[in-house]
Number of protein chains: 2
Amino acid sequence: MKILIRLVAVDIDGTLTFKDRKLDLAAVEAIRKAESAGLPVVLATGNVLTFAEAAATMLGTSGPLIAEDGGIVFDQAIKQEHVLGGRVEADRGLAALERAFGSLKQTRSSAVRLTGLTLERTIPVEDASKVFQHEGLSLVAVDSGFAIHIRSPEVNKGNALRKVSSISRVPLVEIAAIGDGPNDIEMLRVAGISFAVANSADEVKRACTHVTTSPYGKGAAEAIESILSVRR
Amino acid sequence: MKILIRLVAVDIDGTLTFKDRKLDLAAVEAIRKAESAGLPVVLATGNVLTFAEAAATMLGTSGPLIAEDGGIVFDQAIKQEHVLGGRVEADRGLAALERAFGSLKQTRSSAVRLTGLTLERTIPVEDASKVFQHEGLSLVAVDSGFAIHIRSPEVNKGNALRKVSSISRVPLVEIAAIGDGPNDIEMLRVAGISFAVANSADEVKRACTHVTTSPYGKGAAEAIESILSVRR
């Protein structure tokens, strides 16, 4: 049985970009090819919605946006924002971390986040998780390589992709996902087919139906080409 | 006398992009070539700082950022934000406009703007200017094609470029600027050399020392190539 993929969700940093966060233009060209072929692209990022909107405008993607690691889904077609969580628990978590480690610095974007918060990488992420466990807080701490993200476990790109599926009326089985990081795993698991780019950690690769041969943006381009070739 | 250009300031929408705001990859490649050649690029936008930061990250520009039409200058090297204006007068202007035209809708980004505000394009920009004049408000109204920008006249990309010159310790005469819109004129006027891309309005072209033969991103690429060729 051949399943038609009708939507493709793609992480940004490390998936469409080089290691230094610059866009790989090969990935940009593949995304534009997908859009031209009638396959809308969903950008999915741990960054704030304004960042995701900037990327969508400059790249030219038409699918809903996933921001704040899944905390926000934005329907570009009707400019509607869905907030899928809050930051009350995360703020409690920050207070607990500061009791344990002293004053911590939030990143510049943290103040405007609606569904979690981000800290500069000055404490080991495992120690943050231990504090949450010890204090009975239902929170996860994820090191994205750029910041430590503190959020409720139900805030993740997988639950956000379910929301995207519902607002787009495209069943999850007809959605492909591409990513590289631990914060992409839930999204990669719920999508019908999933691609880890070659630079992904083993746990990310294990969550996927496919692993690309190329890393970073070249890997995302390879995945998109492969999805488009099956559609023809 | 040959002047060495040491910094190049570039508008984003309509200058690095096609008409639909998608990046022209030829312009991206030219920008990366400039950065590799040791010529830092300053992105200058009417959009909010987060948008400018997203663009700088994805394109790979290292120069200070100009956001909010010159209201904000951000030094990427030391992550310092300079706020070159306020929005008190603009908020007064909005109240005056609403007395004249009834309730008006701000754009989604308007709430987070520090130095002005942006309205959806539901009233003619000339009428807004007339209201400000009549009420004795020191405000300008500019239609960017995407929104009506309301700001104090001293908030402009020209004054922002003076700030960039001062924090970068590069005299204005050694800075090149590239733009297409009426909100770029002050910046184009204060720069040592200036390029209007071919799609610019006549008033923008008249403010410049050069006009490119190509429009939009291809024009920006042409301008950057020309700057780099003189440096060799």
Side-chain angles (χ1 to χ4, degrees), chain A residues 12-33 35-36 41 43 45-62 65 67-68 72 74-76 78-81 105-114 120 146-147 217 221, chain B residues 12-33 35-36 41 43 45-62 65 67-68 72 74-76 78-81 105-114 120 146-147 217 221:
Chain A
I12 300 178
D13 282 315
T15 301
L16 294 180
T17 73
F18 298 99
K19 203 175 178 176
D20 63 4
R21 302 183 71 193
K22 269 186 231 169
L23 286 170
D24 185 330
L25 303 191
V28 178
E29 279 168 358
I31 276 181
R32 290 181 179 173
K33 195 169 163 186
E35 287 278 346
S36 301
V41 174
L43 295 178
T45 179
N47 215 313
V48 293
L49 180 58
T50 308
F51 183 97
E53 285 188 89
T57 300
M58 291 189 283
L59 296 177
T61 65
S62 66
L65 301 172
E68 294 194 17
I72 309 275
F74 182 68
D75 189 342
Q76 291 200 90
I78 58 169
K79 306 227 173 279
Q80 189 175 4
E81 190 173 342
K105 205 172 168 197
Q106 294 184 58
T107 69
R108 293 183 57 249
S109 78
S110 192
V112 300
R113 285 178 182 264
L114 302 177
E120 296 200 349
F146 307 104
Chain B
I12 301 178
D13 283 315
T15 301
L16 293 180
T17 72
F18 297 101
K19 203 175 178 177
D20 63 3
R21 304 182 71 194
K22 268 185 231 168
L23 287 171
D24 185 330
L25 303 191
V28 179
E29 278 167 358
I31 276 181
R32 290 181 178 174
K33 195 169 162 185
E35 286 279 344
S36 300
V41 174
L43 296 178
T45 178
N47 216 313
V48 294
L49 180 59
T50 309
F51 183 97
E53 285 188 270
T57 300
M58 292 189 282
L59 296 177
T61 65
S62 65
L65 301 173
E68 294 194 18
I72 309 274
F74 182 68
D75 189 342
Q76 292 198 91
I78 57 170
K79 306 229 174 275
Q80 188 174 6
E81 190 173 343
K105 205 172 169 198
Q106 294 183 59
T107 68
R108 293 182 58 248
S109 77
S110 192
V112 299
R113 285 178 183 266
L114 302 177
E120 296 201 348
F146 306 105

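Just so it is clear: chains get the letters A, B, ... in the order the sequence lines come, proteins before strands, and each one is counted from 1. Excluded from the calculations below are hydrogen atoms, water molecules and symmetry mates; all remaining heavy atoms, backbone and side chain alike, are included.
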| request: Under 4.5 Å heavy-atom distance to chain A, tell me which part of B/Leu59 shows up: side chain, backbone, both or neither. | output: backbone
| query | Rounded to the nearest 0.5 Å, how far apart are CE of A/Met58 and NZ of B/Lys22? | reply | 14.0 Å
| query | Of all residues at least two apart in sequence or in a different chain, which pass the side-chain hydrogen bond (donor to acceptor under 3.5 Å, both in side chains) check with B/Glu81? | reply | A/Arg108
| What distance do B/Thr50 atom OG1 and A/Asn47 atom CG have between them, rounded to the nearest 0.5 Å? | 8.5 Å
| message | Please classify the contact of A/Thr17 with chain B as side chain, backbone, both or neither, using a heavy-atom distance under 4.5 Å. | response | neither
| Residue B/Val112 versus chain A: region with a heavy atom under 4.5 Å | neither
| Side-chain contact, heavy-atom cut-off 4.5 Å: A/Leu25 with B/Val28? | yes
| request: Output all residues satisfying side-chain hydrogen bond (donor to acceptor under 3.5 Å, both in side chains) with B/Gln76, sequence neighbours left out; order by chain, then residue number. | output: none
